[in-house]
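In what follows, a structure is listed as C-alpha cells, so that the remarks can point back to it.
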Amino acid sequence: MKQTREDALSTLKTYTKTEALLKHAYAVEGVMRYFARELGEDEEYWGIVGLLHDVDYEQWPEEHLKVAPRLLSEAGFEEDVIHAVLSHGWGLCVDVKPERKMEIVLYTIDELTGLIT
C-alpha cells in the first residue's frame, strides 16, 4: 500500500517532538515539493521523503540514519523511500549514494533549509 503524507507526518511525529526539528522537516518537504513541480515529478512522493528524512535524528542523533530503516519499514514505507531517506546522509553517516534526481535534490537542499528555519 502506498503511504500518504498523513502516514509520513504521523510517523515523523511519533519520533520527533521538538518544534525546531518539525519546522526543519516541513521546510525540507516544501522545498522538495517545489522542485518536484519544477521538474515534473511526483510532488507527494518527494514531499513524503522530505518530511521523513530526519525521522530518527531526535531520539538517536548518534545513530542518525542507522535506526531510520527499521522505523520506516515498520511503518510500512517501501524500500525506495527508505533508500532516498538514507541517501541524504551520504558521506556523513551512511554510504548510500544519492543517485536518483529526487535523492540528489534532497542531498543538496537539506542543510540549506536549515538557514530558512
Side-chain angles (χ1 to χ4, degrees):
M1 181 174 110
K2 189 172 181 172
Q3 302 292 43
T4 65
R5 181 187 188 274
E6 290 74 28
D7 298 324
L9 192 56
S10 175
T11 300
L12 175 67
K13 287 185 172 184
T14 297
Y15 303 105
T16 305
K17 308 296 183 199
T18 306
E19 191 63 30
L21 290 174
L22 290 171
K23 285 181 180 180
H24 172 65
Y26 300 144
V28 172
E29 175 193 23
V31 173
M32 292 297 288
R33 285 177 173 278
Y34 169 83
F35 278 106
R37 276 192 306 276
E38 288 294 307
L39 298 168
E41 299 289 339
D42 183 343
E43 186 177 336
E44 183 79 359
Y45 174 65
W46 283 41
I48 285 170
V49 172
L51 269 178
L52 294 172
H53 81 284
D54 280 343
V55 68
D56 64 357
Y57 185 77
E58 182 174 307
Q59 293 189 28
W60 300 275
E62 298 300 320
E63 298 176 89
H64 182 40
L65 299 178
K66 305 287 191 275
V67 179
R70 177 179 55 82
L71 302 179
L72 295 174
S73 179
E74 288 173 357
F77 290 93
E78 296 181 4
E79 185 58 38
D80 62 323
V81 171
I82 296 169
H83 185 275
V85 166
L86 292 177
S87 74
H88 92 277
W90 179 59
L92 301 169
C93 51
V94 295
D95 62 358
V96 178
K97 184 177 181 180
E99 295 172 344
R100 294 179 293 154
K101 193 181 323 183
M102 183 265 299
E103 295 169 347
I104 294 167
V105 171
L106 177 62
Y107 180 78
T108 58
I109 63 97
D110 176 35
E111 297 297 324
L112 294 175
T113 58
L115 298 174
I116 296 168
T117 55

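Every value quoted in this text rests on a predicted model; they were computed, and no experiment measured them. Numbering of residues begins at 1 and proceeds along the displayed sequence. Atom set for the values below is all heavy atoms of this structure, side chains included, hydrogens, waters and symmetry mates excluded.
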(message) Centroid separation under 6.0 Å, is that true for the rings of His53 and His64?
(response)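 Aromatic pair excluded; centres sit 6.0 Å or further apart.
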(message) Does either side chain, that of Glu103 or that of His83, offer a donor lying less than 3.5 Å from an acceptor on the other one?
(response)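 A donor-acceptor contact under 3.5 Å links the two side chains.
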(message) Checking side-chain polar atoms at under 3.5 Å, does Thr16 have a donor or acceptor matched by the opposite partner on Glu58?
(response)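 Not at all, the side chains of Thr16 and Glu58 share no donor-acceptor pair under 3.5 Å.
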(message) Please enumerate all residues that pass salt bridge (Lys or Arg N to Asp or Glu O under 4.0 Å) together with Glu44, with sequence neighbours excluded.
(response)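 For Glu44 the salt bridge (Lys or Arg N to Asp or Glu O under 4.0 Å) partners, ignoring immediate neighbours, are Arg33.
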(request) Test Thr4 against Asp7 for side-chain hydrogen bond (donor to acceptor under 3.5 Å, both in side chains), laying out the working first. (result) CA-CA 5 Å; Thr4 65; Asp7 298 324; 3.1 Å; yes
(request) Starting at NZ of Lys66, measure out to CG of Leu86 and round the result to the nearest 0.5 Å. (result)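 Output value for this atom pair is 9.0 Å.
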(message) Please determine whether the number of non-hydrogen atoms from other residues, nucleotides or ligands lying under 6.0 Å from atom NZ of Lys97 exceeds 12.
(response)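 No, not enclosed.
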In residues 88-95, what donor-acceptor pairs under 3.5 Å come from side-chain atoms, sequence neighbours left out?
{"residue": "His88", "atom": "ND1", "partner": "Val85", "partner atom": "O", "Å": "2.6"}
{"residue": "His88", "atom": "NE2", "partner": "Asp54", "partner atom": "OD1", "Å": "3.1"}

(message) Out of the candidates Leu106, Ile109, Thr108, only one should pair with Val31 under the side chain to side chain contact (heavy atoms under 4.5 Å, CB included) rule; please name it.
(response)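 One option only clears the test, and that one is Ile109.
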(request) Can you spot which of Val28, Ile82, Leu9, Thr11 makes a side chain to side chain contact (heavy atoms under 4.5 Å, CB included) with Leu52? (result)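 Among Val28, Ile82, Leu9, Thr11, the one that satisfies the side chain to side chain contact (heavy atoms under 4.5 Å, CB included) with Leu52 is Thr11.
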(request) Indicate yes or no for a side-chain donor-acceptor contact from Glu74 to the backbone of Pro69 under 3.5 Å, with no hydrogens or angles considered. (result)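 No, Glu74 side chain to Pro69 backbone: no donor-acceptor pair under 3.5 Å.
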(message) Donor-acceptor pair, distance only, cut-off 3.5 Å: does the side chain of Ser73 make one with the backbone of Arg70?
(response)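 Looks like no, no N/O pair under 3.5 Å.
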